[in-house]
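Only one structure is covered here, and it is reproduced in the block below.
Note that the structure is a prediction, hence the values are computed from the model and not measured. Every chain is numbered from 1, with letters handed out A, B, ... down the list of sequences. Side chains included, hydrogens not; waters and symmetry mates left out as well; all remaining heavy atoms used.
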Amino acid sequence: MSFPAALHTEWIKVRSLRSLVGSLLTVPVATAGLSLLVCAALGRPEPGSTDFDPVLFSYYGLNFGQLAAIIFGAIAMGGEYKNEGIRISLAAVPNRTLFYGAKLAVIGGSVLAVGLVASLISFLGGQALMDRGFGIGIADPGALRAVVGCALYLVLVSLLSAGAAALLRSVTGALSVLVPLFLVLPFVVGDVSQGGGAADFLPDRAGRQILLQAPPGTLGPWSGMAVLAAWTVLATAVGWWALRRRDA
Amino acid sequence: MDGDAWGMTRIDVQELRKEYGTTRAVDRLTFAVEPGRVTGFLGPNGAGKSTTLRILLGLDRPTSGTALIGGRRYADLTEPLREVGALLDAQAAHGSRTARSHLLALAASNRIPVRRVAEVLEEAGLAGVAGRRIRTFSLGMRQRLGIAAALLGNPAVVILDEPSNGLDPEGIIWTRELMRSLAREGRTVLVSSHLMNETASFADHLVVLGRGRLLADTPMQDFIDSRIRPRVRLRTTEGARLRTLLLGKGFDPVQEEGGRWTVEGARVDDIGPIAAREGIPILELANEEGTLEQAYLDLTADQAEYASSRPPQTQEA
């Protein structure tokens with residue numbers, strides 16, 4: 001049983017499901033599309049405000065793009081469990097670690113590709129569309145870091161979602177945990193506008209520090225990304241444990 | 001390929017046990033499935049057939065015991081689809097994929113040449129609908145797709161769980177012929193079913209389960225013969241004379257309504273020569289063959305008796 005063969009299979013599975021192709025393409029469309037729209041419409045500091053961050057402005061669409069990445073990861077992994085389809089997959093690739101690794105690699109790789117496109121368009125297009133004088137270049141502080149960070153962020157949340165789907169063996173199960181975790185909890189646990197506290201360590205807050213030119217709070221851009229990565233490692237490890245341990 | 005080409009392809013189940021909580025789905029099950037014949041895997045729903053097959057395919061972990069194919073665990077096979085083809089549940093294929101992509105994905109994982117996908121689709125009669133989404137398929141078409149998937153790697157061992165579920169009569173005949181020809185080619189063919197007449201039409205050998213235990217592991221004809229006494233039905237113009245004659249030979253002919261006679265425990269070979277020797281005219285003479293269904297019901301009746309005559313188990317604390 002070879003890893004390239006398992007990868008090939010997983011890639012065929014992704015490209016042969018409309019829901020997967022659709023959610024994967026929604027990642028750059030939503031991220032870049034909405035970012036450009038917001039930069040074009042509102043790309044200037046509000047009068048009197050002092051914390052205008054042109055980089056963060058460029059990634060407004062990530063709020064929606066991340067959902068597509070979460071959905072993609074959940075369907076790619078959780079879809080296997082529909083009607084016990086996992087049995088067919090595991091009969092073909094009985095080495096569960098190999099199966100799981102290939103699945104995660106294809107999810108991560110696909111999201112990395114579309115994520116980089118989304119990220120570059122969001123940044124370059126967004127900055128170009130901002131009101132004259134406010135846009136910055138890729139060589140400016142925090143810019144390149146954010147471009148890479150946005151793509152990494154999308155990869156990590158899609159894998160986090162895939163891990164949850166493997167643990168819960170269901171697409172809806174994964175989404176009903178992850179959507180609140182990303183969209184509701186940050187508002188409940190802490191005031192989003194202020195740094196500090198437990199909310200900083202939630203996956204979305206931590207992972208998005210990298211999109212700020214000067215991140216406030218306990219976590220820096222890369223330590224924030226490391227916190228998100230830790231969440232992802234935890235979820236995928238638990239998913240792997242569940243897949244290996246349980247009867248299919 | 002000829003019969004010798006398959007090598008070691010015996011299925012060996014040894015002391016297999018599977019417990020779910022306190023339920024014992026499979027209980028110290030031991031049997032072997034030999035190549036070159038179709039083995040019917042019989043038992044009522046819930047007897048442990050599917051559980052055994054899932055363990056055999058490395059999907060479920062046994063509580064104890066082993067289930068080996070060609071001496072190896074399924075999970076240890078390098079490219080399992082090339083050695084073992086299985087249909088477990090026709091509904092399991094993802095409905096949003098086309099039949100072709102479903103098979104392409106399977107083929108890629110075991111490095112099976114892409115041309116096999118078209119070949120098995122053709123063989124299963126699905127070539128015309130290969131590009132259609134599986135969710136538009138009838139249950140019968142899904143069964144055909146499942147069988148196509150099982151044949152994809154040209155495996156020496158074929159395992160089918162209730163393959164005729166939902167099939168139309170034509171499909172049932174196709175499956176039966178397919179299983180028989182796979183066995184003729186020297187492959188090991190294990191087919192589970194809860195339908196007796198169905199199984200009788202294709203199986204050479206039977207493995208019968210009840211409540212997770214092995215009830216029988218015998219050639220099908222032996223199974224029937226051992227359980228069902230042969231019986232002869234005849235009509236004659238000289239009933240009284242024949243009766244006396246047969247009583248003398250230890251048979252006990254009974255006259256039925258309409259003048260027909262039945263002789264329990266006899267075959268036509270016993271009766272015919274006797275009547276001929278004595279010049280008794282025979283108008284009709286036929287064996288009443290036991291059916292698999294009768295034999296199976298006889299077996300399960302024994303089991304029920306056994307189960308109900310056991311003293312009630314003491315309740316565990």
Among [options], single out the residue with the greatest number of heavy-atom pairs under 4.5 Å to chain B.
options                     : value
A/R87, A/R246, A/E80, A/R96 : A/R87
A/L7, A/L98, A/I88, A/I86   : A/I88
A/R15, A/R245, A/E10        : A/R245

Discussion item. Going by side chain to side chain donor-acceptor pair (under 3.5 Å), name the residues that satisfy it together with B/E15, two or more places apart in sequence or in a different chain.
Written reply: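 Listed in chain order: B/R28.
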Discussion item. Under the rule for side chain to side chain donor-acceptor pair (under 3.5 Å), what residues qualify as partners of A/E84, not counting sequence neighbours?
Written reply: none
Discussion item. Can you list everything that forms a ring-ring contact (aromatic ring centres under 6.0 Å, His included) with B/F41? Sequence neighbours excluded, please.
Written reply: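 ring-ring contact (aromatic ring centres under 6.0 Å, His included) check on B/F41 returns B/F31.
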Worksheet item: Any donor and acceptor pair, going by atom type alone, linking the side chain of B/R142 with main-chain N or O of B/A90 inside 3.5 Å?
Response: no
Checking [Y] against [X]: is there a side-chain donor and acceptor pair closer than 3.5 Å?
X      : Y      : value
B/E19  : B/T63  : no
A/R208 : A/N63  : yes
B/H194 : B/E162 : yes

Worksheet item: Heavy-atom distance under 4.5 Å to chain A: side chain of B/R54, backbone, both or neither?
Response: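 Looking at B/R54, just its side chain touches chain A.
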Discussion item. So if I take each residue of residues 92-100 of chain B and look for any heavy atom under 4.5 Å from a heavy atom in chain A, which residues do I end up with?
Written reply: B/A92, B/A93, B/H94, B/S96, B/R97
Worksheet entry | NZ/NE/NH1/NH2 to OD/OE distance under 4.0 Å, B/E83 and B/R72 |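 Salt bridge flag = yes for B/R72 with B/E83.
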Worksheet entry | Which of B/A75, B/P80, B/A149, B/A107 touches chain A most, by non-hydrogen pairs under 4.5 Å | B/P80
